[in-house]
A.B. asks: 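Mind having a look at this structure? Questions to follow.
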Amino acid sequence: MKVSRCLQGILLLLLLSAGLTVSVAAESHGKIVQTAAEGRKASLSWERADEAVSYEIYYRYAVHEKYHLLKRVNTSTAHPSVWVNLPKAGRKYRIKIVPYNRDGRKGEAYPAADCVTLPGKVSLRSQKSYATSQSMKIYWNDVGSALGYEFLVKSLSGDLVKRYRTEKKTSTVLTDILPGTFYRLRIRGYTQVNGKNVYGAASYTYIAQQPRVKFKWGSRSVSLASWPKVEGAMDYTVYLTDHPASGYRKVKTTEETQAAITGLSKNRKYYVYVTANMRRGKEVYASPRTKRYTFRLQTE
């Protein structure tokens with residue numbers, strides 16, 4: 001059974017009056033508060049424990065039980081505040097702080113508190129679009145600590161097109177995405193620290209609607225595919241199959257907006273799509289491969 005603080009004080013006075021040296025344990029009070037985050041770093045603050053001159057800070061993963069020592073801090077300030085480096089960004093942790101007095105006697109640990117690191121970079125997984133639509137559906141890989149995601153769409157000239165925000169999910173529909181041009185898309189996850197939204201590192205990509213393909217008949221074994229020009233595209237790639245389940249073969253990559261498709265058989269149904277390709281350094285950004293345009297070589 002614990003002795004009340006009042007009785008502890010009386011006992012301490014009696015011992016001191018008898019000329020004895022007493023080591024008083026550091027008694028914690030208040031709570032641990034996360035005040036900021038930067039990447040995998042977090043800023044923690046708390047109210048000083050009575051008689052405390054140092055602290056040990058421990059962490060554990062949210063789903064684990066075992067705590068690991070993170071840092072030792074020597075301070076006797078009224079409101080200690082310290083930055084700590086946690087193992088990974090995009091994670092949620094449980095933090096425990098244990099105070100010590102000047103004799104190294106351990107006090108009662110502060111109530112454990114949650115702590116988050118900023119969401120890591122978000123990677124786009126896939127896209128779906130149709131040439132007859134002004135919207136695109138995008139899919140991305142979830143980042144653990146993110147409470148939601150923000151998307152910023154700009155034109156190639158840098159004009160803001162639209163800002164979108166979603167709760168915690170891994171797909172959304174972007175509207176006002178017109179055919180015939182690439183857009184620059186910024187993606188970043190956000191979480192909350194001390195009641196405020198904070199944002200993780202941004203990742204960037206380029207998106208464009210899938211070009212609409214038209215056909216003109218040629219000879220028995222040739223057809224001409226054409227599509228509108230896409231602003232920002234360096235070239236275009238044509239894909240063809242007569243059986244989608246077996247996959248597509250690349251017919252041609254060209255800087256033109258048309259391509260001859262040869263080696264066709266009459267009265268057979270073919271499936272075609274075209275990707276617009278933007279090149280930035282070593283990166284290639286292609287429009288989605290959603291719509292399959294079909295045609296049958298005309299019988300002569």
A.B. asks: Taking atom types as modelled and ignoring hydrogens, do the side chains of E231 and T181 form a donor-acceptor contact shorter than 3.5 angstrom?
C.D. replies: yes
A.B. asks: Go through the steps to decide whether Y273 and Y239 satisfy the test ring pair (Phe, Tyr, Trp, His ring centres under 6.0 Å), and finish with yes or no.
C.D. replies: CA-CA 5 Å; Y273 66 81; Y239 296 87; 4.9 Å; yes
A.B. asks: Could you verify whether a donor N or O on one side chain and an acceptor N or O on the other, from S145 and T191, lie under 3.5 Å apart?
C.D. replies: no
A.B. asks: Would R280 and Y206 count as a cation-pi pair here, with the cationic atom under 6.0 angstrom from the ring centre and within 45° of the axis?
C.D. replies: yes
A.B. asks: For the pair S203 (side chain) and S123 (backbone), establish whether a donor and an acceptor sit closer than 3.5 Å, ignoring hydrogens and angles.
C.D. replies: no
A.B. asks: Rounded to the nearest 0.5 Å, how far apart are CD of Q192 and CG of L147?
C.D. replies: 6.0 Å
A.B. asks: Assign the ring pair Y55 / Y110 to parallel, tilted or perpendicular, where the plane angle (0 to 90°) is split at 30° and 60°.
C.D. replies: tilted
A.B. asks: Using a 6.0 Å cut-off, check whether atom NZ of K168 has over 12 heavy atoms from anything other than its own residue.
C.D. replies: yes
A.B. asks: Is a donor from one side chain sitting under 3.5 angstrom from an acceptor on the other, for Y149 and D142?
C.D. replies: yes
A.B. asks: Under 3.5 Å, is there a donor-acceptor pair between the side chain of T241 and the main chain of H243?
C.D. replies: yes
A.B. asks: Taking atom types as modelled and ignoring hydrogens, do the side chains of T35 and S43 form a donor-acceptor contact shorter than 3.5 angstrom?
C.D. replies: yes
A.B. asks: Is the Lys NZ or Arg CZ of R125 less than 6.0 Å from the centre of Y139's six-membered ring, within 45° of the axis?
C.D. replies: no
A.B. asks: For K229, does the NZ atom sit with more than 12 other heavy atoms under 6.0 Å from it, leaving out its own atoms?
C.D. replies: no
A.B. asks: To the nearest 0.5 angstrom, please state how far the CE atom of M136 sits from the CG atom of L185.
C.D. replies: 8.5 Å
A.B. asks: So do L44 and V33 actually touch side chain to side chain, heavy atoms under 4.5 Å?
C.D. replies: no
A.B. asks: Looking only at the side chains, is there a donor atom on one of E56 and Y58 sitting less than 3.5 Å from an acceptor on the other?
C.D. replies: yes
A.B. asks: Would you say the side-chain atoms of Q209 and S129 include a donor-acceptor pair closer than 3.5 Å?
C.D. replies: yes
A.B. asks: Between V116 and Q34, is any pair of side-chain heavy atoms under 4.5 Å apart?
C.D. replies: yes
A.B. asks: Can you tell whether the side chains of R94 and D114 come within less than 4.0 Å, N to carboxylate O?
C.D. replies: yes
A.B. asks: Out of Y183, Y190, W140, which residue meets the ring pair (Phe, Tyr, Trp, His ring centres under 6.0 Å) rule with F151?
C.D. replies: W140
A.B. asks: Would you say the side chains of T237 and K252 form a donor-acceptor pair under 3.5 Å?
C.D. replies: no
A.B. asks: Can you tell whether the side chains of E150 and R163 come within less than 4.0 Å, N to carboxylate O?
C.D. replies: yes
A.B. asks: Find out whether I177 and S135 are in side-chain contact, i.e. whether some heavy atom of one side chain is under 4.5 Å from a heavy atom of the other.
C.D. replies: no
